[in-house]
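First up is the structure itself, then whatever we jot down about it.
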Amino acid sequence: MSAKSRCMCMVITFQLHHSPVHLNSLPKRRLHSSINSFNFINLNERRRVTVGLSKLIKLRHGYLLEVFSYKFCPNLLVRIVNLLGTRETAFAFFRFAFRDDSEDAIRYSCTVAHILAARNLRYLAQDVISWVISRIGETRSEDLVKFMWEGRHKYESDFSVLDKLMRAFLIAGMGSRALGILSRMREVDAVPSSSAMTILFEFLLRVGDYGSVWKLFRDMIREGPCPSNYTFNAMILGFCRNGHLGTAQSLLNVMGKYKCDPDVCSYNILINANCISGWTLNALNWVQLMIERGCKRSIFTFNIIVNALCSEGNLVEARKVVNEIQDIGLSPNVAIYNTLINGYVKARDVGHFKYGRKEDGDRLLRELLVPDLLPDHSLCDISVAGLCWGGLVDEAMKFLENMLERGMKPSIVAFNSIIAAYSRAGLVEDAYEVFKFMMKFSLTPSSSTCGSLLMGLSRNGRLPEAREILYKMMHKGFPINRVAEEGRFSRVSRMKSAFDAFMDIHRAGLVPDIVYDTLISGYGEAFSMVKVDRFMNCINLAELFAALGTKCVELKAPGERRHKEQTGWLASCIFLCRGVNESSLKE
DNA sequence: CTAGGGTTAG
């Protein structure tokens, strides 16, 4: 057999070996651990690696793979990885090729990381180290540090090794180890990188370790590196997210003392934090202050303010602010119009398709058709969503197909709208077809794609299928989150069952995560919908959580952002369980 | 010496 065909065989074996297993036949425990297992390569990565390897063979580097299959040598691995093109693909290949956590394997990875660093592939070196660290755990990570340190001479400087280790520990979420590396850096008289310090601050603030934050800050003043605008802004953002707006504001005011000048970002962070907390007036004061101090507003500043005004329902004021944009020589972008449209829709003030007055929707779209304003697919997204709202899902699909044929770049938003609409209408097959169609464009499903599909199936009482899809998605590494729950939880009439579900989880001895947040927002919305509800009156959430031993702080600190792609398998399982209860009679 | 801000589909 020629080398070429041998390698082709390798690629094919690679594909077959990792074809999805039938997960529903596995016991649950095993399933969960397989999702979290670190050697897991998802479908998308598998595809990319396969494509990368075939390319490599076509370019006549196949012999590398052949030699590599006999001899596991760091240099070879680095050469292959280097030929794979992108960092993501290379990293996926490393994880695929390397699934052993023996001491030898750790030494081997250290050599790989050194070579990568020496070849100026620092990001990849960092990926490799952080992945190995996560695999072997905090205790054994000390061995890795030792190996890296001992083997560094041929390849990289003291600073380079320690800097990489520090970043790797931060990525792996091991803050105390990162701090340990930092003190080692001080011992060998290396000055830590300013950006590494910034991400360290970010981490410490995220976990609320203020003691270390201030200690670190003092160290920086004494021994460098000098805090920069980045450092301050990261700190300001961290304090804002934790709800310490006062501290954040003092930090901004003290920047000058350290030869830093608050910039648009600093102000935007603070303005946004004020808006999120509902203090729009304070936010506007800060805008005034920044103008007085000679700092120009950016389009972000406007968007933050417009968004705040819109969510307060103050559309008149929002509109005025948008008009102001051109006056100061900036041009409105698509995002700001999205914000405005969102505001109008939420305020039921827009006659979009959804509310039956097509002309108004058209008027808004026409306004959007300002030249240069539509570099992306927003207009298509909006139109598709509009048709979906109006129940014209088939038309929406045709419209999208038409746009795609005309060479428009496909966007996940449009697909999601259609999938959601079909699911809502109970046309699960159609939803699934669109889903498959979407995959052809190599779009990665988002949490809402998954949520819509699951919701469609569950509502139709097709729970075994829903469960199967859920498992498959989790196995492929698709994001599953609380989406499927959200809409249903936030109805007053649903609050009782939401609460029951919540209690079920506790009785089952599980520790719920996202559910809290969902429940809270559900309550919030319920309160605004009906002022007094007997059910709500008799439960004090804070007391309840305290009784259950749950820290409320973990739910949603003021100013905390909603995480974009939260993976909460639990929420989806609960969703399924509740579905079982509701439709068990049908089955 | 790879670090910081906003919006949409459900």
Side-chain angles (χ1 to χ4, degrees), chain A residues 87 117 120-127 156-157 159-160 162-164 166-167 170 185 190-203 225 227-238 240-241 262-273 275-276 297-308 310-311 332-343 345-346 376-382 384-386 388-389 396 411-421 423-424 446-456 481-488 490 561 564:
Chain A
R87 169 183 168 191
N120 214 13
L121 294 164
R122 294 193 305 274
Y123 287 100
L124 198 52
Q126 181 184 297
D127 287 338
E156 49 185 334
S157 67
F159 165 80
S160 172
L162 293 175
D163 181 64
K164 219 180 313 346
M166 189 171 141
R167 290 171 195 271
L170 285 173
M185 262 180 141
V191 180
S193 136
S194 175
S195 65
M197 292 301 269
T198 306
I199 52 177
L200 183 56
F201 273 123
E202 245 174 39
F203 179 90
S228 67
N229 265 20
Y230 279 112
T231 325
F232 276 107
N233 288 347
M235 284 176 80
I236 294 174
L237 180 66
C240 281
R241 284 196 179 149
D263 56 18
V264 209
C265 260
S266 329
Y267 287 109
N268 282 348
I269 295 169
L270 215 51
I271 292 166
N272 188 39
C275 288
I276 290 174
R297 288 166 287 177
S298 71
I299 194 71
F300 286 101
T301 323
F302 282 98
N303 207 340
I304 293 165
I305 294 294
V306 170
N307 190 35
C310 281
S311 51
N333 61 10
V334 177
I336 208 147
Y337 275 104
N338 280 342
T339 310
L340 205 56
I341 290 173
N342 185 34
V345 170
K346 292 252 165 78
D376 62 9
H377 29 66
S378 293
L379 181 59
C380 174
D381 292 345
I382 295 167
V384 168
C388 288
W389 285 341
S411 125
I412 184 131
V413 176
F415 278 105
N416 280 352
S417 298
I418 297 179
I419 293 175
S423 288
R424 239 184 350 249
S446 72
S447 52
S448 59
T449 326
C450 303
S452 305
L453 276 177
L454 290 173
M455 185 160 60
N481 73 358
R482 60 173 196 237
V483 170
E485 278 298 82
E486 212 165 54
R488 314 182 88 201
S490 53
R561 287 194 314 182
K564 265 241 155 103

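Every heavy atom of this structure was used, including side-chain atoms; hydrogens, water molecules and symmetry mates were not. Chain naming here is simple, since letters A, B, ... match the order of the sequence lines and numbering starts at 1 in each.
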Checklist entry - Of the nucleotides dA3(B), dA9(B), dT2(B), which has the atom closest to the Asp163(A) side chain? => result dT2(B)
Item to check | Side-chain donor-acceptor pair present, Asp263(A), Ser266(A), cut-off under 3.5 Å | outcome: yes
Checklist outcome for this item: Sorted by chain and number, sequence neighbours left out, salt bridge (charged side-chain N to carboxylate O under 4.0 Å, His left out) with Arg122(A) holds for none
Checklist entry - Can you tell me how far P of dT2(B) sits from CD of Glu202(A), to the nearest Å? => result 14 Å
Checklist entry - When we call it a touch if two heavy atoms are under 4.0 Å apart, what does Gln126(A) touch: a base, just sugar-phosphate, or nothing? => result base
Item to check | Touch class at under 4.0 angstrom, heavy-atom based, for Tyr267(A) against every strand present | outcome: nothing
Checklist entry - Which of the following nucleotides, dT2(B), dA3(B), dC1(B), is nearest to the side chain of Ile199(A)? => result dA3(B)
Next on the checklist: Expressed as a whole number of angstroms, how long is the span from Glu156(A):CD to dC1(B):P?
Outcome noted: 14 Å
Item to check | With sequence neighbours excluded, residues passing salt bridge (charged side-chain N to carboxylate O under 4.0 Å, His left out) with Glu156(A) | outcome: Lys164(A)
Checklist outcome for this item: Closest non-hydrogen atoms of Pro192(A) and Pro225(A), given as atom of the first, atom of the second and distance, are O-CG, 3.4 Å
Checklist entry - Between dG10(B), dC1(B), dG5(B), which nucleotide has the shortest distance from any of its atoms to the side chain of Ile269(A)? => result dG5(B)
Next on the checklist: On the nucleotide dA3(B), are OP1 or OP2 found under 4.0 Å from the side-chain N or O atoms that Ser194(A) carries?
Outcome noted: no
Item to check | Which nucleotide in dC1(B), dT2(B), dG5(B) has an atom nearest any side-chain atom of Phe159(A) | outcome: dC1(B)
Next on the checklist: What contact category does Ala420(A) fall into here, base, sugar-phosphate, or nothing, at under 4.0 angstrom with non-hydrogen atoms?
Outcome noted: sugar-phosphate
Checklist outcome for this item: Regarding the side chain of Ser195(A), the nearest nucleotide among dC1(B), dG10(B), dT7(B) is dC1(B)
Next on the checklist: Using a heavy-atom cut-off of 4.0 Å across all strands, would you classify Ser298(A) as base, sugar-phosphate, or nothing?
Outcome noted: base
Checklist entry - Counting only side-chain N and O atoms of Arg122(A), is one of them less than 4.0 Å from OP1 or OP2 of dC1(B)? => result no
Next on the checklist: For a side chain to side chain contact (heavy atoms under 4.5 Å, CB included) check, start with the C-alpha distance between Thr231(A) and Phe201(A), then their side-chain angles and the critical distance, and finish with the verdict.
Outcome noted: CA-CA 8 Å; Thr231(A) 325; Phe201(A) 273 123; 3.6 Å; yes
Checklist entry - Quick one: is dA9(B) close enough that its OP1 or OP2 comes under 4.0 Å of any side-chain N or O from Arg424(A)? => result no
Next on the checklist: Using a heavy-atom cut-off of 4.0 Å across all strands, would you classify Ser228(A) as base, sugar-phosphate, or nothing?
Outcome noted: base
Item to check | Nucleotide nearest Asn272(A) (side chain, heavy atoms from C-beta), chosen from dT7(B), dG5(B), dC1(B) | outcome: dG5(B)
Next on the checklist: Does dT7(B) have OP1 or OP2 under 4.0 Å away from a side-chain N or O of Asn307(A)?
Outcome noted: yes
Next on the checklist: From C-beta outward on Ser417(A), which listed nucleotide comes closest to its side chain: dC1(B), dA9(B), dA3(B)?
Outcome noted: dA9(B)
